[in-house]
Asker: 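Quick one: the structure is below, and I'll ask about it shortly.
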Amino acid sequence: MGKNNSGTRRIQPILWISTLYFAMGVPFVTINAVSGIMYKDMGVSDSQITFWTALIMFSWTLKPLWSPFLEIYKTKKFFVVFTQFAIGILFALVALSLPMHDFFKYSIALFAIVAFCGATHDVVADGTYIGFLTNKEQAKYIGWQGAFYNLAKIISSGALVYFAGVLEKTKGVTHAWMIIMVIYALLFFVLGVYHYFILPKENKEENKEEKTAGNVRQELLEVITSFFTKKKILWCILFIILYRFAEGFAIKIAPLFFKAPRTSGGLGLSTSDIGLIYGTYGSAAFILGSVLAGYFISVRGLKRSLIWLCCAFNIPFVVYALLAYYQPADLLPVGIAVVVEYFGYGFGFVGLMLYMMQQIAPGKHKTAHYAFATGIMNLGVMIPGMFSGMISDWIGYKMFFIWVLIATIPAFLATVFVPFPYPENQKEQQINS
């Protein structure tokens, strides 16, 4: 791990880490959040939006299943550049599909392929990071990795959503979102060209080991078997699914609730307002919460901190219930509510990621098992997200956010009883033995 060939040393890693992880964040944020605002603008129902945009996120759950096969063909650099060009073409096709009568059917199918390409891009991007940096360099650049992933959130769900709202006033809704999709397409074409020249490439002389589909399948089977035979793994899986259970409901409906007219129980915000609140204030609060959580855990340790992190993650969902009840006309209380919720989100989310790294991933197949854990974690968001629109349509926004608060109870129970199979101070060498 962490081998550097001569080609790698000619280019400072930050020049490709920054853009690579920015490119990783854009498809996920676009499908998970931005597409919902676009479809809401275009008159699609909440139940359709939440079900289909959540369902197509399944690629990020399944990505560990095809990731070993990427080692057989071509190089990581090839797949990074290929998936980026493919995503660019797909966004251009989404733009062309929007004026069609059955735009939702065609665009959601295209977004599903974007999700597959995005999940594949995640695998090879992480592989590039792990394969071309030493352990010391990985630690050095981990903060930059997260910062540029979050920059994708600020640009995508902030600046571009805000710009879509501005364009809607002069171009109309459909043409406004066509322009935004073309911007996404051009962005990925530029990233593809840039990474073609800037990314390090594997030295094939150093990787002469012959791999076939057969032995890769056998290796994958061994990785899966060893994952599900880990100590107390079923309780660990239950925890990582339930920790984000309430979030799966809230995160899909909140922007749709902001956009919905006040007569329907929403807040009647403009697209530009939503972009401003989520992409700037919300993302800044998320980053601040993440940084502070790291210091908090380093002082107290993960085991002693986890229940407090769970509280920070789940209790702030109460702000959406308050907004639904009072329906404030002023933008300030909405902005404050999002800052509170996103700060808690960032603060609490760190605990879940560290738990997967320290209590689920350790062992012979650490990287692969971490990928499995993150994939399973996504189920905790995807499944409730699929049905969130149906529930909100049935009971209304006020009662829906009360339901979200009830849905936090399993997270607290799972956190109280979560096992810690490995001592926190145990060395990695001991775990691997």
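Quick caveat: nothing in here was measured; it's all calculated off a predicted structure. Position 1 is the first residue of the sequence, and the numbers go up from there.
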Asker: For residues 275-299, pull every pair meeting ring pair (Phe, Tyr, Trp, His ring centres under 6.0 Å), keeping only residues two or more places apart or in separate chains.
Answerer: F258-Y278, Y278-Y342, F286-Y345, F296-F347
Asker: Pick out which of D122, V29, V124, V80 makes a side chain to side chain contact (heavy atoms under 4.5 Å, CB included) with M24.
Answerer: D122
Asker: Which heavy-atom pair separates P384 from F245 by the least distance, and what is that distance?
Answerer: CG-O, 3.6 Å
Asker: Please report the interatomic distance CG(L276) to CG(L331), rounded to the nearest 0.5 Å.
Answerer: 7.0 Å
Asker: Excluding sequence neighbours, so at least two apart, what forms side chain to side chain donor-acceptor pair (under 3.5 Å) with S156?
Answerer: T30, Y184
Asker: Quick one: CZ on F349 to CG on L354, what's the gap to the nearest 0.5 Å?
Answerer: 10.5 Å
Asker: Residues in side-chain contact (heavy atoms from CB on, under 4.5 Å) with L238, at least two apart?
Answerer: W235, L242
Asker: Any side-chain heavy atom of N314 within less than 4.5 Å of one from E247?
Answerer: no
Asker: What residues, two or more places apart in sequence or in another chain, satisfy side chain to side chain donor-acceptor pair (under 3.5 Å) together with T120?
Answerer: W66
Asker: Do L306 and L309 have side chains that approach each other closer than 4.5 Å (heavy atoms only, starting at C-beta)?
Answerer: yes
Asker: Which pair of non-hydrogen atoms, one from V319 and one from E341, has the smallest distance, and what is that distance?
Answerer: CG2-CB, 4.0 Å
Asker: What pair of heavy atoms forms the shortest contact from P200 to T128, and how long is it?
Answerer: CG-CG2, 4.4 Å
Asker: Atom CD1 in I37, atom CD1 in I274: separation rounded to 0.5 Å?
Answerer: 5.0 Å
Asker: I'd like to check the side-chain contact (heavy atoms from CB on, under 4.5 Å) partners of S264; sequence neighbours left out, ordered by chain and number.
Answerer: P261
Asker: Which heavy atom in Q48 sits nearest to a heavy atom in F104, and how many Å separate them?
Answerer: O-CZ, 3.8 Å
Asker: Could you work out, with ring pair (Phe, Tyr, Trp, His ring centres under 6.0 Å) as the rule, every residue matching F51, not counting sequence neighbours?
Answerer: none
Asker: By ring pair (Phe, Tyr, Trp, His ring centres under 6.0 Å), which residues pair with F239, not counting sequence neighbours?
Answerer: Y243, Y355
Asker: Any cation-pi pair here, K153 with F28, using under 6.0 Å and within 45°?
Answerer: no
Asker: Side-chain contact, heavy-atom cut-off 4.5 Å: V161 with T271?
Answerer: yes
Asker: Does any non-hydrogen side-chain atom of W308 lie less than 4.5 Å from one of R300?
Answerer: yes
Asker: Would you check if the side chain of K63 reaches a backbone N or O of A119 as a donor-acceptor pair within less than 3.5 Å?
Answerer: no
Asker: Counting only heavy atoms not in F78, do more than 12 sit closer than 6.0 Å to its CZ atom?
Answerer: yes
Asker: Check whether Q359 reaches the backbone of C236 with its side chain - one donor and one acceptor, N or O, closer than 3.5 Å.
Answerer: no
Asker: Evaluate the side-chain proximity of Y39 to I108: yes if any heavy-atom separation is below 4.5 Å, no if none is.
Answerer: yes
Asker: For residues V350 and G346, report the shortest heavy-atom separation together with the two atoms involved.
Answerer: CG2-O, 3.4 Å
Asker: Between V34 and W177, is the side-chain contact (heavy atoms from CB on, under 4.5 Å) condition met? List the steps.
Answerer: CA-CA 10 Å; V34 177; W177 283 105; 3.7 Å; yes
Asker: Do the side chains of Y194 and L15 get nearer than 4.5 Å, heavy atoms only?
Answerer: yes
Asker: Taking only distance into account, with no hydrogens and no angle test, what donor-acceptor pairs under 3.5 Å do side-chain atoms of residues 394-405 form with protein atoms, sequence neighbours excluded?
Answerer:
unit_1: Y397; atom_1: OH; unit_2: D46; atom_2: OD2; d: 2.6

Asker: Between CZ of F148 and OG of S18, what distance do you get to the nearest 0.5 Å?
Answerer: 4.5 Å
Asker: Please identify each residue that fulfils side-chain contact (heavy atoms from CB on, under 4.5 Å) with L288, with sequence neighbours left out.
Answerer: L292, F343
Asker: Heavy atoms, side chains only, cut-off 4.5 Å: are L269 and K259 in contact?
Answerer: no
Asker: Does T225 use its side chain to pair, donor to acceptor, with the backbone of E222 at less than 3.5 Å?
Answerer: no
Asker: Just verifying a value: how many Å separate S157 OG and I277 CD1, rounded to the nearest 0.5 Å?
Answerer: 12.0 Å
Asker: Check whether any side-chain heavy atom of F188 lies under 4.5 Å from a side-chain heavy atom of L90, and answer yes or no.
Answerer: no
Asker: Got a list of side-chain donor-acceptor pairs under 3.5 Å for residues 371-382, not counting sequence neighbours?
Answerer:
unit_1: T374; atom_1: OG1; unit_2: Y370; atom_2: O; d: 3.3
unit_1: T374; atom_1: OG1; unit_2: A371; atom_2: O; d: 2.8
unit_1: N378; atom_1: ND2; unit_2: T374; atom_2: O; d: 3.4

Asker: For K232, does the NZ atom sit with more than 12 other heavy atoms under 6.0 Å from it, leaving out its own atoms?
Answerer: no
Asker: Nearest 0.5 Å, what's the CG-CD1 distance between L110 and I89?
Answerer: 11.5 Å
Asker: Tell me, please, which residues at least two apart from I31 pass side-chain contact (heavy atoms from CB on, under 4.5 Å).
Answerer: I56, M57, W60, F111, V114, A115
Asker: Could you pull out the closest heavy-atom pair between K252 and T53, with the gap in Å?
Answerer: NZ-OG1, 2.8 Å
Asker: For a side chain to side chain contact (heavy atoms under 4.5 Å, CB included) with I253, tell me which candidate from T50, D393, I49 qualifies.
Answerer: T50
Asker: Side-chain donor-acceptor contacts of residues 412-420 below 3.5 Å, not counting sequence neighbours, with atom names and distances?
Answerer:
unit_1: T415; atom_1: OG1; unit_2: A411; atom_2: O; d: 2.7

